[in-house]
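To start, the structure itself, in structure tokens.
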Amino acid sequence: MHSARHHTVVDSPYGALTLVADDGVLCGLYLDQRRHEPPKDAFGARDDTLFGETQEQLDAYFAGELRKFTVELRLHGTPFQVSVWEQLRLIPYGETRSYSEVADALGNPRASRAVGLANGKNPISVIVPCHRVIGASGSLTGYGGGLERKRRLLDFERGTPLF
């Protein structure tokens with residue numbers, strides 16, 4: 001049985017966001033100019049009517065009024081990737097964790113490199129906050145949306161003005 005895929009594109013302070021739904025459930029949120037983005041034909045037909053709740057929550061987040069997303073998600077990945085992405089959702093707004101701290105939380109302290117690879121393949125940016133994962137030294141290491149965007153997202157969550 002095949003699912004029905006649809007997408008829309010919305011504006012944000014960080015550029016255009018492509019939202020993708022699988023049978024009406026959010027399964028992708030891609031920043032423009034992002035690494036590891038699936039081919040555009042995998043996004044399905046454009047439908048701007050399916051994403052009202054997601055758009056409302058994103059608008060509230062970018063306005064500084066929402067700190068935890070409640071929109072339903074459908075995470076597509078390996079069991080390990082999904083476990084990493086679920087762990088990322090537990091990192092509180094405005095805080096960061098190192099790759100090794102995420103690996104420790106998963107009960108697999110030697111998996112920090114695998115955590116980094118899964119983090120880089122996160123299909124739902126912002127809502128699954130891969131931007132909150134940093135290097136052990138506190139450095140901003142790789143981010144599919146670019147290090148400058150990662151810095152801006154972290155500064156925003158810490159209360160530093162965007163512009």
Side-chain angles (χ1 to χ4, degrees), residues 3 5 7 9-10 12-22 25-40 42-43 54 57-58 60-62 64-163:
S3 61
R5 277 258 164 122
H7 78 280
V9 179
V10 299
S12 84
Y14 302 91
L17 305 175
T18 300
L19 308 177
V20 182
D22 217 0
V25 179
L26 189 70
C27 67
L29 189 162
Y30 299 97
L31 299 160
D32 65 337
Q33 301 171 7
R34 182 187 191 277
R35 291 190 317 238
H36 306 301
E37 185 172 305
K40 299 286 184 219
F43 293 162
T54 301
Q57 289 190 28
L58 286 167
Y61 169 80
F62 291 127
E65 300 163 358
L66 180 78
R67 293 178 173 229
K68 187 164 180 66
F69 291 93
T70 59
V71 65
E72 183 182 358
L73 303 179
R74 183 168 292 152
L75 296 167
H76 294 291
T78 68
F80 180 78
Q81 288 172 328
V82 170
S83 71
V84 169
W85 301 331
E86 289 172 346
Q87 190 65 42
L88 299 182
R89 296 190 75 201
L90 301 176
I91 303 172
Y93 179 95
E95 295 185 21
T96 57
R97 298 289 184 272
S98 69
Y99 295 97
S100 61
E101 287 173 321
V102 174
D104 287 347
L106 291 170
N108 195 348
R110 295 172 50 186
S112 56
R113 181 163 291 178
V115 165
L117 292 171
N119 199 54
K121 300 266 186 177
N122 171 23
I124 307 180
S125 297
V126 182
I127 293 175
V128 176
C130 53
H131 61 278
R132 295 180 189 156
V133 183
I134 59 173
S137 67
S139 62
L140 298 187
T141 57
Y143 182 61
L147 289 181
E148 181 56 32
R149 210 168 352 198
K150 180 174 187 165
R151 182 181 328 283
R152 286 180 55 212
L153 280 163
L154 290 172
D155 286 349
F156 166 69
E157 289 187 1
R158 292 176 178 143
T160 306
L162 278 178
F163 302 101

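In what follows, every heavy atom counts, from backbone to side chain, and hydrogens, waters and symmetry copies are set aside.
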- Begin from the C-alpha positions of Glu95 and Arg97 and carry the test salt bridge (Lys or Arg N to Asp or Glu O under 4.0 Å) through to its verdict. CA-CA 7 Å; Glu95 295 185 21; Arg97 298 289 184 272; 3.1 Å; yes
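In terms of heavy atoms, Val9 sits closest to Ala16 at CG1-CB, 3.9 Å. Shortest non-hydrogen contact noted between Tyr61 and Glu157 is OH-OE2, 2.6 Å. The minimum heavy-atom distance between Val25 and Leu73, with the atom names listed, is CG1-C, 3.7 Å. Here the closest heavy-atom approach between residue Ile124 and residue Leu26 is recorded as CD1-O, 3.9 Å. Asn122 approaches Trp85 most closely through the heavy-atom pair CA-NE1, 3.5 Å. In plain terms, the two heavy atoms of Leu17 and Leu58 that are nearest each other are CD1-CD1, 4.2 Å.
Here the straight-line distance linking atom CG of Leu29 with atom CD1 of Ile127 works out to 5.0 Å at 0.5 Å rounding. The distance from the OG atom of Ser83 to the CG atom of Leu88 is 9.5 Å, given to the nearest 0.5 Å. Put simply, CG on Asp104 and CZ on Arg110 are 12.5 Å apart, with the number rounded to the nearest 0.5 Å. The CG atom of Leu106 lies 11.0 Å from the OG atom of Ser112; values are rounded to the nearest 0.5 Å. Taken to the nearest 0.5 Å, the CD atom of Glu101 stands 10.5 Å off from the CD atom of Gln87. Atoms OG1 and NZ, from Thr78 and Lys121 in turn, are 10.5 Å apart once rounded to the nearest 0.5 Å.
Under a 3.5 Å cut-off, the side chain of Lys150 and the backbone N or O of Cys130 do not form any donor-acceptor pair. Of the possible polar contacts, none joining the Gln57 side chain to the Leu66 backbone as a donor-acceptor pair under 3.5 Å is found. A donor-acceptor pair is defined here as one N or O able to donate and one able to accept, closer than 3.5 Å; such a pair exists between the side chain of Arg132 and the backbone of Ile91. Looking only at distances, no side-chain donor or acceptor of Asn119 sits under 3.5 Å from a matching main-chain atom of Tyr99. Listed for the Arg152 side chain is a donor-acceptor partner under 3.5 Å among the backbone atoms of Pro13.
At a threshold of 4.5 Å between non-hydrogen side-chain atoms, the residues Thr54 and Val10 do not count as touching.
Under the 30°/60° scheme for interplanar angles, the aromatic rings of Phe156 and Tyr14 are found to stand perpendicular.
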